[in-house]
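So you know, we letter chains A, B, ... as the sequences are listed, proteins then strands, and number each from 1. Excluded from the calculations below are hydrogen atoms, water molecules and symmetry mates; all remaining heavy atoms, backbone and side chain alike, are included. Everything numeric here is computed off the predicted structure, so don't read it as measured data.
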Number of protein chains: 2
Amino acid sequence: MSEIKDRPYHHGDLRRALIDTALAMLAVDQNWTFTLREVARRTGVSHAAPYKHFRDREMLLRELASIGFVRLGETMTEAMSPAMPSTRAQFVAAAQACIGFAYQNPGLYRLMFSSDADKTIDPQLHDAAMSTFGILLGLLEKGQRDGSFRPVAVSALAAASWAQVHGLAMLAISHQLLEEKVGSAPVPAALDMLLDGMCCTD
Amino acid sequence: MSEIKDRPYHHGDLRRALIDTALAMLAVDQNWTFTLREVARRTGVSHAAPYKHFRDREMLLRELASIGFVRLGETMTEAMSPAMPSTRAQFVAAAQACIGFAYQNPGLYRLMFSSDADKTIDPQLHDAAMSTFGILLGLLEKGQRDGSFRPVAVSALAAASWAQVHGLAMLAISHQLLEEKVGSAPVPAALDMLLDGMCCTD
DNA sequence: CTGCAAAAGTTTCTCCTGTAAACATGGAGG
DNA sequence: CCTCCATGTTTACAGGAGAAACTTTTGCAG
């Protein structure tokens with residue numbers, strides 16, 4: 001009888017429930033203009049309850065962004081893990097995973113890189129972002145060690161490839177990679193072009 | 001005596017004045033969280049006056065974004081105009097101009113590519129963005145004609161280079177191109193890497 | 001010149017939001 | 001059993017978005 005209670009006073013895990021509601025709204029609306037009150041309402045809780053878990057609305061948004069970076073990291077890691085013929089192929093897989101993630105979670109991805117997810121305020125968010133960025137960095141370093149990538153400053157490779165992947169993701173989200181405008185497989189095409197410049201075998 | 005009137009009832013060009021105030025606030029705050037009422041207040045006008053010129057707050061934001069695209073286009077065009085030894089050099093100049101513009105107008109640049117500047121709603125904004133994008137496209141086509149760039153689908157070149165430039169701009173704005181992280185000249189380095197893949201001379 | 005319609009501003013009003021403060025409740029430890 | 005504290009709720013208030021109704025100019029037709 002404690003199973004389907006009629007809203008116990010204490011929710012159990014309201015923090016998580018609020019995050020889930022907000023993530024759902026973000027996914028549906030593809031923006032984060034939702035109000036905190038609406039999130040509370042949909043979670044079936046009073047409009048002030050969220051403040052017991054988040055100092056303000058922006059703190060919730062940063063939490064969502066943080067989760068986004070963790071999930072993106074997982075997605076990229078999974079995509080890279082299968083046996084790959086080359087580091088270059090692994091790079092393409094990771095990049096496509098990132099772009100795919102952005103395409104399937106456009107609202108979340110945009111939030112992650114918006115000024116509402118201010119990484120200078122929230123160390124946890126900053127760390128989550130850096131950790132995900134670290135996946136790319138690790139791959140580039142590995143590629144340099146095994147002779148796949150040019151022996152330039154790894155940071156230069158990182159800037160170029162991160163910019164490229166993030167840029168493609170944003171274009172994809174904005175539906176600016178339509179076939180008639182940009183060919184049938186713009187992402188691999190663009191990645192290959194950059195890789196031709198990054199790799200030793202040019 | 002009609003020169004320095006004491007706030008005539010009719011402002012003269014309130015629309016322009018509101019835009020200027022909003023642009024100034026955008027530049028100072030580096031975000032567009034300002035309220036329409038605050039814009040009205042600073043322009044010295046009642047809080048409902050803006051509605052005579054903009055249907056709602058978002059319409060003003062789209063107007064700002066539109067202006068941003070026009071200015072960015074001008075900046076890039078100016079940067080490309082001087083005599084250049086090669087189309088490739090011209091490309092680098094235009095790209096750097098774009099990134100410089102973003103760095104000097106971070107708030108505006110972010111707004112231009114945010115979901116608050118929805119190009120599917122506002123044809124004028126869409127056109128402004130497309131017109132600026134067209135500068136890049138023209139340059140790439142010229143480069144293909146003169147043999148600078150590979151004879152692949154121009155749209156593939158466009159996707160790759162637009163992604164790269166926009167990605168670098170976003171990284172620059174987020175102060176993620178710090179010298180200790182990414183070398184002393186990350187922008188030219190990254191651009192050159194992509195160009196090595198885009199150009200025929202590889 | 002007069003009169004008037006429309007443009008451009010202002011006032012007023014309603015509904016909603018964020019957030020603070022004070023109050024209620026229920027579960028865990030003494 | 002009692003009491004504390006985290007977690008919820010209610011109440012309250014300062015603002016904002018935007019609609020509606022009212023006022024001032026201005027441009028123009030006669």
Side-chain angles (χ1 to χ4, degrees), chain A residues 1-22 24-26 28-29 31-65 111 114-118 121-122, chain B residues 1-22 24-26 28-29 31-65 111 114-118 121-122:
Chain A
M1 61 194 82
S2 69
E3 269 302 316
I4 304 174
K5 260 193 195 149
D6 235 81
R7 296 242 174 112
Y9 192 91
H10 286 290
H11 181 286
D13 196 355
L14 180 56
R15 181 187 172 80
R16 188 73 220 175
L18 290 167
I19 289 173
D20 288 343
T21 304
M25 295 181 74
L26 186 55
V28 170
D29 304 343
N31 66 46
W32 51 100
T33 55
F34 54 73
T35 71
L36 204 44
R37 281 166 112 104
E38 178 71 15
V39 174
R41 220 172 284 137
R42 298 211 188 187
T43 312
V45 94
S46 84
H47 65 84
Y51 287 91
K52 299 291 172 179
H53 300 277
F54 305 98
R55 182 172 8 269
D56 56 20
R57 185 175 168 280
E58 301 228 322
M59 185 172 165
L60 170 59
L61 294 179
R62 286 194 299 270
E63 181 76 36
L64 300 182
L111 171 59
S114 82
S115 43
D116 287 326
D118 188 341
I121 293 178
D122 188 333
Chain B
M1 63 192 82
S2 68
E3 270 299 319
I4 303 177
K5 261 192 195 152
D6 234 81
R7 296 240 174 110
Y9 193 92
H10 286 289
H11 182 287
D13 195 355
L14 181 55
R15 182 187 170 81
R16 189 72 221 177
L18 290 168
I19 289 173
D20 288 343
T21 304
M25 294 181 74
L26 186 55
V28 170
D29 305 344
N31 65 48
W32 52 99
T33 56
F34 54 74
T35 70
L36 203 45
R37 283 166 113 101
E38 177 72 15
V39 174
R41 218 172 286 136
R42 296 212 189 186
T43 312
V45 95
S46 84
H47 65 82
Y51 288 92
K52 298 288 171 180
H53 300 276
F54 305 98
R55 181 171 8 269
D56 56 19
R57 186 176 166 281
E58 302 228 322
M59 184 171 165
L60 170 60
L61 293 179
R62 287 194 297 270
E63 182 76 36
L64 300 183
L111 170 60
S114 83
S115 43
D116 287 325
D118 189 342
I121 294 179
D122 187 334

Between [N] atom [atom2] and [X] atom [atom1], what is the distance in whole Å?
X: B:Leu36; N: C:dG9; atom1: CG; atom2: P; result: 14 Å
X: B:Arg15; N: C:dA7; atom1: CZ; atom2: P; result: 15 Å
X: A:His53; N: D:dA6; atom1: NE2; atom2: C1'; result: 9 Å
X: A:Tyr51; N: D:dT10; atom1: OH; atom2: C1'; result: 15 Å
X: A:Arg55; N: C:dT19; atom1: CZ; atom2: P; result: 11 Å
X: B:Glu38; N: D:dA14; atom1: CD; atom2: P; result: 18 Å
X: A:Arg42; N: C:dT17; atom1: CZ; atom2: P; result: 12 Å
X: A:Leu60; N: C:dG18; atom1: CG; atom2: P; result: 11 Å

*Looking only at non-hydrogen atoms, find the nearest pair between A:Arg15 and A:Phe54 and report the distance.*
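Distance-wise, the nearest heavy atoms are NH1-CE2, 3.7 Å.
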
*Considering non-hydrogen atoms only, spot the tightest contact between B:Pro50 and B:Val45 and give its length.*
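That closest heavy-atom pairing would be CD-CG1, 4.5 Å.
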
*Please round to the nearest 0.5 Å and tell me the distance separating atom CE of A:Met25 and atom OG1 of A:Thr43.*
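The distance works out to 8.5 Å.
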
*asked:* Nearest 0.5 Å, please: how far is OG1 in A:Thr35 from CZ in A:Arg41?
replied: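 It is 5.5 Å, given to the nearest 0.5 Å.
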
*With respect to B:Arg62, which candidate in B:Asp116, B:Asp122, B:Asp118 satisfies the salt bridge (Lys or Arg N to Asp or Glu O under 4.0 Å) definition?*
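Testing B:Arg62 for a salt bridge (Lys or Arg N to Asp or Glu O under 4.0 Å) against B:Asp116, B:Asp122, B:Asp118 leaves exactly one candidate, B:Asp122.
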
*5'-most contact on DNA chain C: A:Arg41 or B:Leu14, nearest heavy atom basis?*
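Upstream on the strand: B:Leu14.
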
*Assign each of B:Lys52 and A:His47 to its nearest nucleotide of DNA chain D by heavy atoms, then name whichever residue's nucleotide is nearer the 5' end.*
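By nearest-heavy-atom nucleotide position, the 5'-most residue is A:His47.
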
*asked:* Of the listed nucleotides (D:dT9, D:dA20, C:dG9), which one gets closest to any side-chain atom of B:Ser46?
replied: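 Selected nucleotide (nearest to the side chain): C:dG9.
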
*Name the closest nucleotide to the A:Ala49 side chain, picking from C:dG9, D:dG8, C:dT19.*
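The closest nucleotide is D:dG8.
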
*Using a 4.0 Å heavy-atom cut-off across all strands, classify B:Thr35 as base, sugar-phosphate, or nothing.*
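Counting heavy atoms under 4.0 Å across all strands, the contact made by B:Thr35 is with sugar-phosphate only.
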
_Ignoring hydrogens and geometry beyond distance, is the side chain of A:Arg37 in donor-acceptor contact with the base of C:dT19 at under 3.5 Å?_
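In this structure, the two groups form a donor-acceptor pair.
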
